[in-house]
Amino acid sequence: MSATRNVMRLEFSSRSENESFARVAVAAFVAQLDPTVEELTEIKTAVSEAVTNAIIHGYGDREGMVSITCTLEGDVVEIMIDDQGVGIEDIELARQPMYTSRPDLERSGMGFTIMENFVDKVEITSRPRQGTRVRLVKRLKSRTTSEH
Amino acid sequence: MSATRNVMRLEFSSRSENESFARVAVAAFVAQLDPTVEELTEIKTAVSEAVTNAIIHGYGDREGMVSITCTLEGDVVEIMIDDQGVGIEDIELARQPMYTSRPDLERSGMGFTIMENFVDKVEITSRPRQGTRVRLVKRLKSRTTSEH
Amino acid sequence: IGEIQRFLRDDGTVKVSRSVKETARHIRRARDELAKRLGRQPHINELAEELGMDPAEVVFTQDAMRAPASIHETVFE
Ligand SMILES: Nc1ncnc2c1ncn2[C@@H]1O[C@H](COP(=O)(O)OP(=O)(O)O)[C@@H](O)[C@H]1O
Ligand SMILES: Nc1ncnc2c1ncn2[C@@H]1O[C@H](COP(=O)(O)OP(=O)(O)O)[C@@H](O)[C@H]1O
Ligand SMILES: [Mg+2]
Ligand SMILES: [Mg+2]
């Protein structure tokens with residue numbers, strides 16, 4: 001791997017069938033940096049939560065496109081998950097552990113909390129009726145350690 | 001899987017490190033249709049050849065973006081691989097088995113022949129200095145025998 | 001499969017490249033056994049079920065860490 005930026009962008013229909021594909025596509029891109037199994041699992045889990053949110057909350061019964069932009073630069077992974085769905089009225093509230101606007105779907109309200117635990121930075125930008133962007137940043141601590 | 005169209009689009013830097021990621025992303029998307037392992041390998045191989053061509057021939061020493069659009073509809077997979085590279089002057093010649101414009105890179109000239117063997121249709125559209133689109137279509141023949 | 005899970009759980013510092021290599025070997029073995037048992041090429045869902053893995057994860061593990069140089073080998077393997 002060279003040290004310069006490597007970028008990929010992914011766009012797909014907001015269907016739950018596409019969740020595992022999206023998670024694996026991001027994993028295959030990040031795998032170039034040879035993270036630990038644990039780091040890759042953390043990234044996949046965080047991406048899954050954000051993608052599920054875009055599909056379930058952003059679009060709900062409608063079908064739209066979800067996009068993921070992933071940038072690798074040195075040992076830092078940046079992932080943005082975008083939807084053009086309903087957006088979030090109150091971002092502070094949405095971030096609260098256990099808060100969910102859809103208890104009817106048996107959501108746990110732990111999605112953002114999980115993301116915060118598994119990556120270094122979680123930024124949410126959203127506008128009601130315009131859509132939501134979740135930006136995840138993670139530094140791979142393992143990268144400098146040697147093979148064994 | 002519902003019978004309606006499912007679409008994904010992928011864009012990435014023209015680096016050879018991204019080849020396996022692109023192949024995995026397409027295969028993980030197509031896996032939804034439950035092809036045989038063999039069919040998946042055929043698709044991955046054809047996609048690899050087209051992506052390698054975009055990187056090596058289309059862009060060469062430059063870096064550009066390669067994009068892949070994949071559509072699933074019923075049991076038919078359609079994959080388009082696009083670059084905005086140098087383009088192909090003589091498409092008939094390029095398709096010839098063993099023809100390569102880069103014998104210096106130890107290319108075998110078998111890329112298009114491999115694609116033709118592994119998918120049902122290979123269409124090439126290209127304009128010199130504008131870029132190239134390779135469209136691959138494959139029907140998953142085995143699909144109906146899978147339920148038992 | 002228990003073996004793979006133990007391997008993956010054992011150590012928080014296992015590199016993906018190494019774990020993928022290990023798991024890919026299990027996948028190849030399962031694929032060959034399944035093909036023999038079924039008398040035909042297995043479907044990806046059948047293989048995934050046999051391994052207790054997500055189909056997309058099987059695809060990832062079979063291929064994700066493969067070097068670009070070996071593209072042509074996949075044809076003849
Ligand atoms: N992409 C999104 N579009 C619209 N609303 C969202 C989106 N992501 C999250 N939300 C809102 O934030 C809340 C909390 O999300 P999360 O922590 O993942 O919990 P859960 O998904 O279990 O409800 C959701 O219930 C929803 O109201
Ligand atoms: N995306 C592309 N952009 C420009 N030229 C291409 C592209 N794809 C194929 N070609 C041309 O077609 C020729 C044949 O391609 P291929 O059959 O894959 O053989 P090889 O890659 O081994 O040369 C290449 O040598 C190149 O001249
Ligand atoms: Mg959630
Ligand atoms: Mg070629």
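Across all non-hydrogen atoms, the minimal contact from A/Val7 to B/Met65 is O-CE, 4.3 Å. Contact detail for B/Arg15 and A/Arg5: the closest heavy-atom pair is NH2-O, 2.7 Å.
Partners of B/Phe29 according to the ring-ring contact (aromatic ring centres under 6.0 Å, His included) rule, which considers only residues two or more places apart in sequence or in another chain, are A/Phe21.
Heavy-atom pairs under 4.5 Å with chain A were tallied for B/Ser67, B/Ala28, B/Ala25, B/Ser13; the largest tally goes to B/Ser13.
Between A/Leu33 atom CG and B/Glu17 atom CD the span is 10.0 Å, to the nearest 0.5 Å. Separation of atoms CD (B/Glu11) and CD (A/Glu11) is listed at 8.5 Å; rounding is to 0.5 Å.
Residue A/Glu89 qualifies as open at atom CD: its count of foreign heavy atoms under 6.0 Å is 12 or below. Within 6.0 Å of CZ in A/Arg129 there are 12 or fewer heavy atoms belonging to other residues, nucleotides or ligands.
Here salt bridge (charged side-chain N to carboxylate O under 4.0 Å, His left out) pairs that include residues 112-127 of chain B, with residues two or more places apart or in two chains, are B/Arg95-B/Glu116, B/Asp120-B/Lys141, B/Glu123-B/Arg135.
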